[in-house]
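The structure under discussion appears below in the form of structure tokens.
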Amino acid sequence: MIATHLPVLQVAVPLIAAPICVLLRRGSYAWIFTTVICWGLLAIAALLLDQVMSGGAISYRLGGWEPPIGIEYRLDGVNAFVLLILAGTAALMMPYARQSVEREVRPERRHLFYAIFLLALTGLLGITATGDVFNIYVFLEISSLASYVLIAQGTRRRARTASFQYLIIGTIGASLILVGVGFLYAKTGTLNIADLAVRVPALGETPAVLAAFAFITVGVLIKLALFPFHMWLPNAYAYAPSMVSAFLAATATKVGAYMLLRFVFTVFGVHFAFETMPLTEILLALSLIAVLAGSLVAVFQSDLKRLLAFSSVGQIGYLGVGIGLASVTGVTGALVHIFNHALMKGGLFLAAGTIAYRLGATDLSALHGLGRRMPFTMAAVVIGGLGLVGVPITSGFVSKWYLVQAAFEQDLWPVALFVLAGSLIALAYVGRVIEAAYFRPPPPDSEPVQEAPWAMQLSTWALIAGSVYFGLHTDLTVGIAERAATVLLAGAP
Amino acid sequence: MMSLAAVAALVVTVLLALIRAYLGPTVYDRVVAVNAIGTMTVLLIAAVGFLMGRPEFLDIALVYALINFIGTIAVLRYIKRRRARDAEEAERAEGTEGAP
Amino acid sequence: MRHALSLFVGLYGLWLALSGHYTPFLLAIGAACTAFAVAVALRMDVVDHEGHPIHLGYRIPLYWCWLTIQILLSALTVTRIVLSPRLRIDPVLETVPSSQKSDLGKVIYANSITLTPGTLTTSVTADGLEVHALTRRGMDELKQGGMDRRVTAVEGES
Amino acid sequence: MEALSHVNYWAAIVLAMIGLYAVIAPSNLIKKLIGLGMFQSAIFLVYITVGKVEGGTAPIIDSGHAVYSNPLPHVLILTAIVVAVSTLAVGLALAVAIKRDYGTVEEDEIDEQDRR
Amino acid sequence: MIVDILSWISIGIGAAFILVGGLGLVRMPDVFTRLHASSVADTAGAGFILLGFMFQAGLSLTALKLVLIFVFLVFTAPTASHALAHAALLDGIRPWTRKPKDPAP
Amino acid sequence: MTEHLVLRVISKLLIPPILLFALYVQMHGDYGPGGGFQAGVIFGAGLILYGLVFGTEAMRAVAPPRLLVVLACLGVLLYAGVGVASMIGGGEFLEYGALSADATHGNHVGIIIIEIGVGIAVASVMTIIFTALAEWR
Amino acid sequence: MVTLRNLLAAALVLGIYSLVMAALWVVLDAVDVAFTEAAVGAGVTTVFMLLAIAATGRHEKIAHRRPWLPILASLAVGGLLIYGTLDLPGFGDPEAPAQQHVAPHYLEQGEAETGVPNIVTAVLASYRGFDTLGEVTVIFTAGIGVLLMLGIVRRRRAGAGDDDDDTGERE
């Protein structure tokens, strides 16, 4: 009985939990409650993925109305996989949250913080699960508003300006998506994705569809923070509270990538997007610039969190490369990278947060000699960093392997070269961190530093260990991703 | 037919008020224009309702009639608050004058 | 309590005027909503002789009739001024004495002045109302105190 | 009539352009939010225009009318207006918080302070 | 029929008053005088137009709602004008006078 | 602001009708324009008028922020609760038809309840935002 | 409005914009939207704006800098929009696809299925009820978010006993 309602529970449970969280009044209760909810969501996501893998796509009619009339939740391999990533990272980060939030948020506001966190999660899950374009907009705004608020909670004042900048850019992006959806509605009379997937290609290349495509793509790219729409990302991630940086880095841009996949492959169709419109060329160009520029800028950062944020800009480029190649291998690579990058970047931001928790700063100069003083945390940073580079046996290697392979399939060897170059640059910035932590003596007058609390270690290591595990055992992720990619590209020639 | 004439007169008046809002010169002139446009909108919505044969939409006009003046009161409150703050600041400036 | 009760009756009348759907369900809901609105109003402490002037009784409608005529007359005056090629205005800002005892009476007077085109109350002070008039004549008429006496009469002995 | 059939869209587009300019150009954060409100309203106008049917009336079923305008865009825009108001409120609260932290809401002055 | 004529006349007068209000809004020299002009439109103009619609609506709830609109307008419009004039004076705006250089009597 | 006579009296006069009008809009969203959101905003506007004229301290006494937060939560929970109730009643999430034996009647009841939830949530959130912004010095 | 340096004036012009829009919505048959615009525009937006301006300062200090990028951006968006509207169905066309697919179902079945003659309410609350749940969540997020960012001061005038307000105290 419950099993049939799982799709909506995935979104409704955190939505209902958020006001309850506010009513709990005490930060500690709210934390326990949020943790339970997040693990419950992970269980739901796992069950859903299992259902989808064994029984094919699930459709859930909200309000009991038939799809084009009412709103539909439609789960196939792609969004079930993304749902698992979202719920999984949220659940794994919860043990970390308690101490980190206690440090960074005032006691009387903690329960509100957790409520907003749950709302952000609701929004992201809602975007992923829904099969209705306008519903995507609504949940996009829930997650965005919650993110603005979460980012503004950073202890430094620049968090507020970063959040404001994100608010302006994010709202413009969402409005552009809204215009695009409006054009599609005016031409087809429907908002349901499955219905649009039938009706939009039948329209052919009319100006309205072209404009809708352009607006939606740009809007989604803003949310995805692909170069040159990444302006909001570095500051937002660098100055947000540790927990928020980690959560958003692991999830928000991933959902952006999911939206891009959904709109481009399902709504507009491969034929329109990649043959009529020069999306491959545009995406590849932007992505490769993102990979190189993001990584290069990261090398010159003096703050660990900013370094990681710029590295995110680069890593998002890899997602763009995979999607732009528009082949099963490429999309598989992108999907696997969504998963792997969520683990690695989440783990790295958590580790950076741990360092901030103990040292009060994340400057690279503050990291000197930290390899000996916080050995476990720094080991996590190193392993995660190597994952970003794409060293074999880390999961970063797997996704890049698929991307390179996809590039060679289409004889686009310069793309492969760029991907490898990006890895080398990544080696440079990871090297800087390692150098600071292991090869520089600690400042002579430094106070003794303790290793971080075990609960924070636990979350960090769970994510980092996951990234290693899925680097070795690729069957699970790649298997699911490949099936999902096949579904997405089903309409392709 | 006559409704149409009313609508025309109202639109012209809204335009005149817009000119006033554009010219200013003070904030208060603009508030006067906003108030006038508010009243005109009440009447305009009523007139359009009659014109389209659906006078039950008067509720919208009623909303404006009831709450449109809240904005003006907010302006007054704003001015009072700013004066209070200015006075406070002046007092503080006087207080610190003696100190180097 | 008297005020609360009459406020309830008044608001329920407003509900009936607005509603237009007289099913038992909506009538009951209307009563509940009215009660709720009265409860909130009581909580705000806005239900007293100022917020709900029932004691003025029948005198208020009569006053309104008189005021309507005044408004029309001065509207014509102001119209003539606006339409005259050379704006024949001579604005003055002066204090007009007011003989009302209660705050409510003062407010009725002040708003009547504002409502009449050509005169405008700018503030209510202890010794009267500060009035801005479009012409010297308008101000003089006001100062003769016709309106003042009528408002005081409406106010009654409360 | 043919030429006039898209005037409504174009009016909305002009408003959208002004709004977008007013978001990007000013340095004052409050001003940006005002521009954002204009930009969003312009998009709402596009939607409502799509929903209008010639000779139709408001989609409230009534025995005296047969042709109604499309209710769906109205519903979507109601939701979008709510979103716009929420965004405005959060944006204003952020601007107020920025004023507390920086003593100014001018983007250029904030940038200058950050660079220091 | 008579009602129709009455309605037309009433709406016509109202429209005229409203136009006068708008015109005054543009012609008058300062805030306070403009408020006088706009109060013509707020009271006489709005009153006649609503009265005209009332004739059209006949004895019905619609007419009652029109009355309500008028009543609320009559309460809010002067309050808003008063608040505005008060705010303007507080902010240090001095009323325009015919002979600005003339010393106050 | 409290000393401002005209505003005080007129607000006292107008606030009850504004509140009642909001409730009217809430209940007649089925038949005419309006509904929970509009009603919530108008109710909130009534409270905001009170706050503007009588000051935020008085506002606090009438609508304590703590109560408002609870109400906002309850509004959302009421809406979502109807969804859960219809799920328990054997329908899909938010399938109000499952609330009653007669689907049309169930739908109507469901719509009324969720609109009330919307109204409560919106009115309290508007007042919260006003209080937060107004008390900022 | 774009060029007004006085923020108070700009906020007022936003109010006028909202009023004109409300009238426009009525003309375009979107009475529910007009109602919302009326309630929001007259009731809360202006008040929120004025309060925020009171807290942040009345004058825009700096003229618009680098005007070319914004002009270019808005021209690009506007151009694309105009291009997109070229083949949209004409204004009021009853044969337009938007009027054909799902909308007739709402108009024809809506009252029978939900018992609500106002189809906008029927669609809002029932057919697309989940969107509206999302909408309430957005509002809720905004409210909690504002609380989280600004908190609500408990003035200490009333005595130390009142300090325990945990809706977010501010120093």
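Throughout, a chain's letter reflects where its sequence line sits, starting with A, and its residues are numbered from 1. Everything numeric in this text was worked out from a predicted model, so none of it was measured.
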Report summary line: Of all heavy-atom pairs linking F/Ala61 and C/Arg43, the shortest is O-NH2, 3.2 Å
Requested in this report: State, to 0.1 Å, how close F/Glu92 and F/Ser86 come at their nearest heavy-atom pair, and which atoms those are.
Outcome: O-OG, 3.6 Å
Requested in this report: Name the region of F/Ala22, side chain, backbone, both or neither, that has any atom closer than 4.5 Å to a heavy atom of chain C.
Outcome: neither
Query raised in the report: Can you find a pair of side-chain heavy atoms, one from F/Phe54 and one from F/Ser11, that are under 4.5 Å apart?
Result: yes
Report task. In plain terms, say whether C/Glu94 and C/Arg136 are close enough for a salt bridge, that is, a side-chain N and a carboxylate O under 4.0 Å apart. Result -> yes
Which pairs of donor and acceptor atoms, one on a side chain in residues 113-121 of chain F, lie under 3.5 Å apart (sequence neighbours left out)?
| unit_1 | atom_1 | unit_2 | atom_2 | d |
| --- | --- | --- | --- | --- |
| F/Glu115 | OE1 | F/Gly36 | N | 2.5 |

Query - Shortest non-hydrogen separation from F/Ile18 to F/Gly46 and the atoms involved - result: CG2-CA, 3.8 Å
Query raised in the report: Where along residues 17-31 of chain C does a heavy atom come under 4.5 Å of chain F, listed by residue number?
Result: C/Leu18, C/Ser19, C/His21, C/Phe25, C/Leu26, C/Ile29
Query raised in the report: So F/Tyr24 and F/Phe21, would you call those rings parallel, tilted or perpendicular, with 30° and 60° as cut-offs?
Result: tilted
Report task. Go through the structure and list residues passing salt bridge (charged side-chain N to carboxylate O under 4.0 Å, His left out) with C/Glu130, not counting sequence neighbours. Result -> none
**Report entry** When C/Asp103, C/Val124, C/Leu14 are compared by non-hydrogen pairs under 4.5 Å with chain F, the top option
**Finding:** C/Asp103
Report task. Identify which of F/Leu23, F/Leu19, F/Leu47 forms the greatest number of heavy-atom pairs closer than 4.5 Å to chain C. Result -> F/Leu23
Report task. Check whether F/Leu20 gets within reach of chain C through its side chain, its backbone, both or neither, counting any heavy atom under 4.5 Å. Result -> both
Requested in this report: Using heavy atoms and a sub-4.5 Å threshold, report which of residues 67-86 of chain C line up against chain F, by residue number.
Outcome: none
Query - Check: C/Val131 and C/Thr95 side chains under 4.5 Å, non-hydrogen atoms - result: no
Report summary line: Heavy-atom closest pair (C/Ala4 atom, C/Val38 atom, distance to 0.1 Å) is O-CG1, 4.1 Å
Query raised in the report: Within a strict 4.5 Å, meaning less than it, do heavy atoms of the F/Pro65 and F/Arg60 side chains meet?
Result: yes
